[in-house]
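To keep things clear, I will list the structure first and then write my remarks on it.
Keep in mind that what you see is a predicted model, and the values were worked out from it rather than measured. By convention here, the first residue in the shown sequence is residue 1.
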Amino acid sequence: MAHAAQVGLQDATSPIMEELITFHDHALMIIFLICFLVLYALFLTLTTKLTNTNISDAQEMETVWTILPAIILVLIALPSLRILYMTDEVNDPSLTIKSIGHQWYWTYEYTDYGGLIFNSYMLPPLFLEPGDLRLLDVDNRVVLPIEAPIRMMITSQDVLHSWAVPTLGLKTDAIPGRLNQTTFTATRPGVYYGQCSEICGANHSFMPIVLELIPLKIFEM
């Protein structure tokens, strides 16, 4: 989970999040180079007393600064589209979980285990144990296996919600009357936190999501 004064993204727990972090660093380096070049040109413009009249009508330079931004956009768009299509792929999931958003809690249904259904409410401050996280811990965690493709079916019963777990690279809208899906494969065990990322009412920030990822052998016991 995130910590105080954190600058970068959370550590990746899925291949999709690893790709997102790589793309983030790739785009950020391009932005740094562009900003440095622009600031350097501004610095030269403001500090020099000479004016180079040879660049006032330079067709070659105009061609370069027209084509170069197009090439930069292609270098950003191609990996972005690749990751976008990767997030939409659902290949033979081992387990399907249905998540239903309510004001202001989540309902989970294990469709592959006889229709196991439970609600997940945020723990009130009076019920927090030492080590629990305020506004993030819930009474019933979602227990899932690692190293297995998991499909999440996400919808809502009342208003718009958004099921998001940053460390897994997941963020899918929960829309009333519509069933969205996303997939992920966790690579390491642990407890991972998320929240509703949609403005869905007065308590919209208090819809925590807690996933407890464990080895497959323990999950099947």
Side-chain angles (χ1 to χ4, degrees), residues 1-89 133-136 154 160-175 180 182-188 190-211:
M1 61 171 292
H3 55 80
Q6 179 174 328
V7 177
L9 301 174
Q10 297 183 26
D11 293 337
T13 312
S14 68
I16 292 295
M17 190 58 188
E18 293 176 359
E19 294 287 341
L20 289 173
I21 292 177
T22 302
F23 173 71
H24 170 268
D25 297 340
H26 166 73
L28 202 60
M29 289 305 301
I30 294 176
I31 294 173
F32 281 156
L33 292 175
I34 293 174
C35 291
F36 176 78
L37 180 61
V38 172
L39 290 175
Y40 180 70
L42 288 173
F43 175 78
L44 291 181
T45 303
L46 295 174
T47 55
T48 183
K49 295 181 180 180
L50 302 176
T51 302
N52 191 347
T53 58
N54 295 327
I55 65 174
S56 60
D57 187 18
Q59 297 295 331
E60 295 82 4
M61 181 172 291
E62 292 181 3
T63 302
V64 169
W65 69 44
T66 300
I67 296 178
L68 187 59
I71 296 175
I72 293 175
L73 290 176
V74 171
L75 293 176
I76 296 176
L78 290 180
S80 176
L81 290 174
R82 173 175 169 270
I83 297 175
L84 183 63
Y85 282 107
M86 287 177 60
T87 57
D88 286 337
E89 291 182 358
L133 300 175
R134 179 176 175 270
L135 303 182
L136 284 178
I154 301 169
L160 292 175
H161 299 283
S162 185
W163 200 84
V165 182
T167 188
L168 293 172
L170 299 177
K171 186 177 184 295
T172 304
D173 289 340
I175 303 173
N180 291 330
T182 186
T183 183
F184 67 93
T185 301
T187 56
R188 53 195 174 95
V191 179
Y192 303 101
Y193 298 87
Q195 283 182 314
C196 175
S197 298
E198 189 68 55
I199 300 176
C200 57
N203 294 327
H204 70 92
S205 61
F206 307 125
M207 290 182 62
I209 302 164
V210 182
L211 301 183

Problem - side chain to side chain contact (heavy atoms under 4.5 Å, CB included) between Cys196 and Trp163, intermediate numbers included - result: CA-CA 5 Å; Cys196 175; Trp163 200 84; over 6 Å; no
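- With values rounded to the nearest 0.5 angstrom, Ile72 atom CD1 is found 10.5 Å from Ile31 atom CD1.
- Residues passing the side-chain hydrogen bond (donor to acceptor under 3.5 Å, both in side chains) test with Asp11: none are found, sequence neighbours excluded.
- The shortest non-hydrogen separation linking Gln10 to Thr167 is OE1-CB, 3.6 Å.
- By the 30° and 60° cut-offs, the orientation of the rings of Tyr40 relative to Phe36 is parallel.
- Judged purely by atom type and a 3.5 angstrom limit, His24 has no side-chain atom pairing as donor or acceptor with the backbone of Gly8.
- A distance-only check finds no donor-acceptor pair linking the side chain of Ser197 to the backbone of Ser162 [under 3.5 Å].
- In terms of heavy atoms, Gly169 sits closest to Ile16 at O-CG2, 4.3 Å.
- Side-chain contact between Met207 and Gln195: absent, with no pair of heavy atoms (C-beta onward) separated by less than 4.5 Å.
- Of all non-hydrogen atoms in Leu135 and Pro208, the two that sit nearest each other are O-CB, 3.7 Å.
- Applying the 6.0 Å contact sphere to CD1 of Ile199 captures no more than 12 heavy atoms from other residues, nucleotides or ligands.
- Once rounded to the nearest 0.5 Å, the distance linking CD of Glu18 with CD1 of Ile83 reads 11.5 Å.
- Looking only at distances, a side-chain donor or acceptor of Asn180 sits under 3.5 Å from a matching main-chain atom of Asp173.
- The closest side-chain heavy-atom distance from Thr182 to Thr87 is not below 4.5 Å.
- Annotation: side-chain contact (heavy atoms from CB on, under 4.5 Å) contacts of Leu33 (sequence neighbours excluded): none.
- Judged by distance alone, with hydrogens and angles left aside, the side-chain atoms of Thr47 form a donor-acceptor pair with the main-chain N or O of Phe43 at under 3.5 Å.
- Here the CG-CG distance, from Leu42 to Leu37, works out to 9.5 Å after rounding to the nearest 0.5 Å.
- For the pair Met86 and Glu19, the tightest heavy-atom approach, listed with the atom from each and the gap, is CE-CG, 3.9 Å.
- In this structure, CG in Leu84 is found 10.5 Å from CD in Glu89, a value given to the nearest 0.5 Å.
- In terms of heavy-atom proximity, Val165 sits nearest to Ile209 at CG2-CG2, 4.0 Å.
- Environment of CZ in Arg188: crowded, with over 12 heavy atoms of neighbouring residues, nucleotides or ligands closer than 6.0 Å.
- Once rounded to the nearest 0.5 Å, the distance linking CD1 of Ile30 with CG of Leu73 reads 9.0 Å.
- The two residues Lys171 and Ala164 make their nearest non-hydrogen contact at CG-CB, 3.9 Å.
- Using modelled atom types, one finds no donor on one side chain facing an acceptor on the other under 3.5 Å when comparing Thr185 with Ser14.
- Side-chain contact between Leu211 and Tyr193: absent, with no pair of heavy atoms (C-beta onward) separated by less than 4.5 Å.
- Within the model, atoms CG of Leu170 and OG1 of Thr183 stand 8.5 Å from one another, a figure rounded to the nearest 0.5 Å.
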Practice task
Check the pair Val210 / Tyr192 against side chain to side chain contact (heavy atoms under 4.5 Å, CB included), numbers first and verdict last.
Solution key: CA-CA 6 Å; Val210 182; Tyr192 303 101; over 6 Å; no
